Amino acid sequence: MALSTALILSGGGARGAYEAGVLKYIREELPPRVRAQMHFEIICGTSVGAVNSCFFAALNHMPDIQGEAIAQMWKGLRIDGIYQIGWRELFNLPKFLFGSRGRGELDDVIGASRLGGLFNTSPLEDLVRRQVRWNNIQSNIASGDIKALALTATHVPTGTTHVFIQRSKQEELIWSTDSQVLPFEVQLGPSHCLASAAIPWIFPAVEIDGEVYCDGGLKLNTPISPALRLGADRLFLISLRAESSVTEARKQMRIDRYPSALFLLGKILNALMLDKTDYDLKRLERFNALVDLENTTINQKMKHLRGVSYRHVDNLVVRPSEDLGILASRRLRMGGLAERVGGIVGRLLSRMAESVDDQGADALSYLLFDGEYANDLIELGMHDADAQRQKIIEFFS
């Protein structure tokens, strides 16, 4: 019986360009015999990983161009083409701070309403609509090229995770009894993708069918469990959290003054989006150890409690060898970006370049949706994938 392999893409704002680098490497740099065997039947994404997942799934029938296409999409970004800050946004700031619905009008681009948020993300929404070949997703599922594509979003009223799933319905959907992660079978579109990527405070929440959603990474940034429930036998996961040796070095940094708002925002985003990845992977290792015991009683008990039994799931993780926040601050201090962008955004970037240090770099790494920074991350992703070349070959062989 053929194994079902899932691609797991997590969230992290502009850090998502790193995922593009890893995907470009495995599609272009591995031996032809390995690339011929490499196929992702299930694709699961959260936040910016949802954007990458939809883009990748739409090209799953053309694996030879997938890697270069997603890299070029990221390299072509310009920060002023992702979100805008103008007088309208400044005028709406009190509405955002004091609870008004803000820009709550229906948006024709995504077919849903945008609620609140500091930035006008109309350019980002238009990019998601134009760059992702949405009709191809349905075609690839209908042809059997993909079994399932799943995106997670946080349901604002209840705080639960809603998993939007588009899949072949030849098999019954077997889900666990976890009331915190709920499945919804839909035809995916730009609204679901942008809801998953709606970082609170920064990007507007998205209203879908009368329900309000924000970033899926708040509760489930590494969508391992949806992949398992959709039948994945092994997982290829790209993490946006640096290797432990790199993050340990950051922990030793001394803070000699009260942290800036930018510094605190970065740490909040790290806690919400990155810190849970390692926990999820360690939990998967524990489950694998339980399954390997071949204890029928344990498995029967778990099936009664969860609705489905455990099974052994192989996994491979590629993660950054450098701190992506420090890379962002280094790129901004190189100059030229603020002048190119101009306007209010350019002035803000200029001020940040003067004041931001490595301590305040984390927030910048989530917000710097620009091709120059994206190219840095793509190159790092390819380098880190190459460092695990033999492991990747063995995993897909």
Side-chain angles (χ1 to χ4, degrees), residues 1-12 16 19 22-23 26 38-57 60 137 140-141 144-154 160-178 180-186 188 192-193 196 216-217 219-241 273 276-288 291 302 306-319 392 395-396:
M1 181 178 179
L3 297 176
S4 291
T5 304
L7 173 65
I8 310 294
L9 300 178
S10 53
E19 297 174 340
V22 176
L23 294 172
I26 66 173
M38 183 191 308
H39 191 77
F40 297 109
E41 288 79 16
I42 298 167
I43 301 176
C44 296
T46 294
S47 193
V48 73
V51 179
N52 284 339
S53 292
C54 292
F55 189 95
F56 208 68
N60 216 47
I137 294 176
N140 287 339
I141 290 175
D145 193 74
I146 304 174
K147 288 184 178 179
L149 171 64
L151 313 178
T152 70
T154 301
T160 57
T161 296
H162 287 191
V163 185
F164 298 116
I165 303 166
Q166 189 169 347
R167 69 183 185 103
S168 170
K169 296 185 179 180
Q170 295 177 353
E171 301 177 2
E172 180 186 0
L173 179 63
I174 301 176
W175 208 256
S176 79
T177 56
D178 183 1
Q180 293 298 305
V181 182
L182 305 175
F184 293 86
E185 296 202 62
V186 299
L188 292 169
H192 303 97
C193 183
S196 180
K219 293 292 292 292
L220 193 66
N221 193 50
T222 310
I224 292 175
S225 57
L228 299 179
R229 291 163 186 171
L230 289 167
D233 301 297
R234 58 183 183 178
L235 312 175
F236 185 79
L237 190 148
I238 304 174
S239 173
L240 299 179
R241 180 182 176 86
M273 295 192 172
K276 293 179 285 190
T277 300
D278 289 338
Y279 170 79
D280 289 340
L281 291 171
K282 289 177 181 177
R283 187 171 64 169
L284 180 61
E285 289 178 6
R286 291 195 292 269
F287 291 159
N288 281 340
V291 172
M302 289 299 100
R306 301 174 64 249
V308 292
S309 58
Y310 288 141
R311 64 187 185 281
H312 186 101
V313 179
D314 291 326
N315 65 91
L316 180 62
V317 183
V318 178
R319 63 174 71 246
I392 295 173
F395 181 79
F396 285 106

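Quick note: numbers below take in every heavy atom, side chains included, and nothing from hydrogens, waters or symmetry partners. Since the structure is predicted, the reported quantities are computational estimates derived from the model, not experimental observations.
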Taken to the nearest 0.5 Å, the spacing of L188 CG from L151 CG works out to 5.0 Å
With sequence neighbours left out, the residues meeting ring pair (Phe, Tyr, Trp, His ring centres under 6.0 Å) with F56 are none
Sequence neighbours excluded, the answer for side chain to side chain donor-acceptor pair (under 3.5 Å) partners of N315 is none
Between N52 and G16, the two heavy atoms sitting closest are ND2-O, 3.2 Å
Item to check | 4.5 Å side-chain heavy-atom contact, T152 and V181 | outcome: no
Separation between CG (L235) and CD1 (I8), nearest 0.5 Å, reads 5.0 Å
Distance col, row I26:CD1 vs M38:CE, nearest 0.5 angstrom, shows 4.5 Å
Worksheet item: Is there a side-chain contact (heavy atoms from CB on, under 4.5 Å) between C193 and V51 once you walk through the steps?
Response: CA-CA 6 Å; C193 183; V51 179; 3.6 Å; yes
### Query
Do any N or O atoms from the side chain of S168 and from the backbone of G144 form a donor-acceptor pair under 3.5 angstrom?
no
Sorted by chain and residue number, the side chain to side chain donor-acceptor pair (under 3.5 Å) partners of S196 (sequence neighbours excluded) come out as none
Residues passing the side chain to side chain donor-acceptor pair (under 3.5 Å) test with E41, sequence neighbours excluded, are none
- With a 4.5 Å heavy-atom cut-off, do N60 and I43 have their side chains touching? yes
If we only count heavy atoms from C-beta on, is the L149 to S53 side-chain gap below 4.5 Å?
yes
Closest heavy-atom pair, R167 versus A148, reported as atoms and distance to 0.1 Å, is CB-CB, 3.6 Å
Checking F236 against V318 for the side-chain contact (heavy atoms from CB on, under 4.5 Å) test, could you report, in this order, the C-alpha distance in whole Å, the side-chain angles of both residues, the deciding distance, and whether it holds? CA-CA 8 Å; F236 185 79; V318 178; 4.0 Å; yes
Residues at least two apart in sequence or cross-chain that pass side chain to side chain donor-acceptor pair (under 3.5 Å) with T5, listed by chain then number, are R234
Value for CG (L9) from CG (L237), rounded to nearest 0.5 Å, stands at 8.0 Å
One should read off an interatomic distance between C54 SG and I137 CD1, to the nearest 0.5 angstrom, of 5.0 Å
Point to revise | Check: L173 and R229 side chains under 4.5 Å, non-hydrogen atoms | key: no
Sorted by chain and number, sequence neighbours left out, ring pair (Phe, Tyr, Trp, His ring centres under 6.0 Å) with F395 holds for none
dist L228:CG -> S4:OG (nearest 0.5 Å) comes out at 11.5 Å
Hits for side chain to side chain contact (heavy atoms under 4.5 Å, CB included) against T154, two or more places apart or cross-chain, chain-then-number order -> C214, L218, K219
Nearest heavy-atom contact between S10 and L240 is O-CD1, 3.9 Å
*Within the side chain of R319, is there an N or O that forms a donor-acceptor pair under 3.5 Å with the backbone of R241?*
yes
Those residues at least two apart in sequence (or on a different chain) that pass side chain to side chain contact (heavy atoms under 4.5 Å, CB included) with A150 are C44, V163, I165, L230
Here the pair of heavy atoms bringing S239 nearest to V317 is CB-CG1, 4.1 Å
With sequence neighbours left out, the residues meeting ring pair (Phe, Tyr, Trp, His ring centres under 6.0 Å) with F164 are H192, Y213
